[in-house]
Amino acid sequence: MDLSFLNDQQRAAVRHTEGALLLLAGAGSGKTRVITCRIAYLLKEKRVPAEQIVAATFTNKAAREMKERVVAQVGAGACRGMIISTFHSLGLRLLRDDIGKLGYKSNFSIYGGSDQIRLVRDLLQEVGIKMDAEAVLGRISGAKNRLLPPGAKAPSSEDPVDLAAAGIYPRYQRALKAFNALDFDDILMLTVRLLEEHPPVLRKIRKRFRYLMVDEYQDTNLAQYRLLHLLCAEHGNLCVVGDDDQSIYGWRGAEPENILDFEKDYPGAQIIKLEENYRSSGRILKVANALIRHNAKRREKVLWTSGPEGPPVDYISCEDGEDEARMVVERIHAERFRQKMEYRDFAVLYRTNIQSRAFEEQLRYENIPYVLIGGQQFFDRKEVKDVLAYFKVLVNPLDEVNLLRILNWPRRGIGETSADRLIRASADREVPLWDVLSDPFGIPDLGEKTVQALQQFTGILENYRRRFRQPGFLAETGRRFIKDLGIEDELYRTAEDPARGRRRAENVEEVLNALATYEEREPLPTLAGFLEKVSLLDRDEPVRSSKETKLAKDAVVLMSLHSSKGLEFPCVFLVGMEEDFLPHRKSAGEFFDVDEERRLCYVGITRARRKLIFLNAARRRKFGKLRTREPSRFLGEIPPELLEKGPDGGKSELSPGEQEKTAASFFAGIKALLED
DNA sequence: CCGGTATACCTTTTT
DNA sequence: GGTATACCGG
């Protein structure tokens, strides 16, 4: 196999096939190329059967891209049976056949963010604790990521959130099991439990998976770490690729120590550093290196390039948010014209998704096509979640969270009071809520009308549950179901204006279209399969775009710094370079990890190929109020000679001539005021 | 039981 | 500035 297009380190990594290997791959050092080459090498040179190879990523997009690149190298036939997927898909694949051993049924629901919060909120209310459900859920999730069982979460601290979490966690876990539901953390935690508690399953898996690869290893949490360890404890053929400088998911339970401690965990592991950067110009790398060296705990790496220095890195400080957006658009026009660049060559990166608004408005105003990645997702919309809730309940009648969600939607006269009575009856009789709903006779204080409504409700669900069991006609049956439920009417009826109603009806239509597409593409389509796909969908797919973008794909890209990891653009705007944005101030004000924020900034910088522009605003509208803003401390950590101050950059840094001009216009303004 | 208005709270990042 | 929840009157 020809490996001459790789540098020495890259080639060494590809040829190292047996035993543990840590690839410390700096930003833009060609790590994806190395992984795909390594897979091709295993297949072609080492004659490893494809089904023995497993590569785990964090996003579907990364998995898809990796697969495409391997296929391009060796052909689709040679890849048959190889697993390249996210950790969560891999977990589900392992659980699918054997989850019965853990006391769950195979038609389980998957609970994502809002389902989880709803459940925690209900449990908090049940126990009579008034607290932010999201915060409590965060602690529970943290415990699960660290594989701590409900009992082990002893309230060692005084922190009220911790105490509440300790109390809620066992109930939460019990509820999930009763509802036959897994949350995202369960997918990993239960996979680990399955392999640890059922040796025959572990043996079976180990026999199959002989060569493991992991991308973005710095983002693994303990559950993922343990899973990997279980899978490759015997042969030790584990190749992990990562960059501790790009660890930006600590808040989600990632343990960058996993990458720092790799040799300890896998004695005899080889370590290869990739420091030559093939992406960015010299000036951009200088800025990146200068910034990241302010982090203490890290593996020393210095990115370098044999390429050109490139144009200066600019820093433009603006009056306010609108000004910032205008400036970005102005620079897009200028660069596009001067450098013959396309719209798709530009990316606007920000810390929080709300920051996208101003740029969207400005781009739309100027008729510049754009795509917005992330933010409020299609599948987060209420009507979409409601429709999916119906499907989930069809597949899994025990799913109480979703059952309650649809019980009175569309309005059918089963109000809160009745719902409470039904829930109580379910608890008293110790039977699932669904059973109570289908047989609501003899429940105290339940009105005649309510009983009738319940019978109609459960009747229609039973009817369609039966219909969906017949193979085929998935999309068609789904469409009928929604129609029979009268969902469209409800959307128009409750909408604040007709346009909103139509928009919501279209969203529901989109769900049905997605179901149709799924049915066409899948060899063995099922409703459950569709729901699984939807649950595990990446969040960083494009969500909104200007009209013209839908036709031509040439568009400016708007996204959060987190979403940008792994991508690159010829020209990057790093906006909102202000204290409280970057580094972001946590609402709780407690532990905030400046180092992680700095890495986030580093990730943004290293996305740029030839031109990088920092922007910030002196004032910004927040909660409708105008507030003054401080430049980010990170700008101060970059030696000033590496930054070119933009047009009106740094008021104190004006040239004498400019100062004179400013002074003159100031006095002119005063004079005009006095004359009025 | 439902729909309206007052209100609190908000803004991390996501598989 | 906008949205999700709380409360009240019909």
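Throughout, a chain's letter reflects where its sequence line sits, starting with A, and its residues are numbered from 1.
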- Integer-rounded Å distance: dT13(B) P and His562(A) NE2: 9 Å
- pair Asn616(A)-Arg629(A): side-chain heavy atoms closer than 4.5 Å: no
- Message: Does dT14(B) have OP1 or OP2 under 4.0 Å away from a side-chain N or O of Thr59(A)?
- Response: no
- Measure from the side-chain heavy atoms of Arg411(A) and tell me the nearest of dG3(B), dC1(B), dT13(B). dG3(B)
- Message: Quick check, does Trp251(A) stack with dT13(B)? I mean ring centres under 5.5 Å and planes off by under 30°.
- Response: yes
- Side-chain (Arg504(A)) to main-chain (Tyr492(A)) donor-acceptor, under 3.5 angstrom: no
- Item | Arg121(A) side chain, from C-beta outward: closest of dT11(B), dT5(C), dT14(B) | dT5(C)
- Item | Nearest-nucleotide comparison on DNA chain B, the residue closer to the 5′ end among Arg421(A) and Glu596(A) | Arg421(A)
- Item | Atom-pair distance (CZ on Phe58(A); P on dT15(B)), nearest Å | 11 Å
- So which one's nearest nucleotide on DNA chain B is more toward 5', Ala419(A) or Phe87(A)? Ala419(A)
- Query: How many Å lie between NZ on Lys61(A) and C1' on dT14(B), as a whole number?
  - Reply: 13 Å
- With respect to the phosphate group of dT14(B), does any side-chain polar atom (N or O) of Asn353(A) fall under 4.0 Å of OP1 or OP2? yes
- Item | Distance, rounded to the nearest Å, where Ile187(A) contributes CD1 and dT14(B) contributes P | 18 Å
- Task: Kindly say if Asn408(A) contacts the phosphate of dC2(B), meaning a side-chain N or O under 4.0 Å from OP1 or OP2.
- Result: yes
- Note on the structure: Taken to the nearest whole Å, CG/Leu422(A) to P/dC1(B) is 10 Å
- Task: Rounded to the nearest angstrom, tell me the gap between atom CZ in Phe581(A) and atom C1' in dT11(B).
- Result: 8 Å
- Item | Polar side-chain atom of Glu490(A) near backbone of Trp409(A) as donor-acceptor pair, under 3.5 Å | no
- Glu383(A) side-chain N/O to Ala505(A) backbone N/O, donor-acceptor pair under 3.5 Å: no
- Message: Whole angstroms only, please: what is the CG-C1' distance between Asp593(A) and dT13(B)?
- Response: 13 Å
- Item | Atom-to-atom span, CD1 of Ile373(A) to P of dT15(B) - whole angstrom | 12 Å
- Decide whether Asn180(A) and Asn107(A) meet the rule of one side-chain donor and one side-chain acceptor closer than 3.5 Å. yes
- Query: Has Ser418(A) got a side-chain N or O lying under 4.0 Å from the OP1 or OP2 atom of dC1(B)?
  - Reply: yes
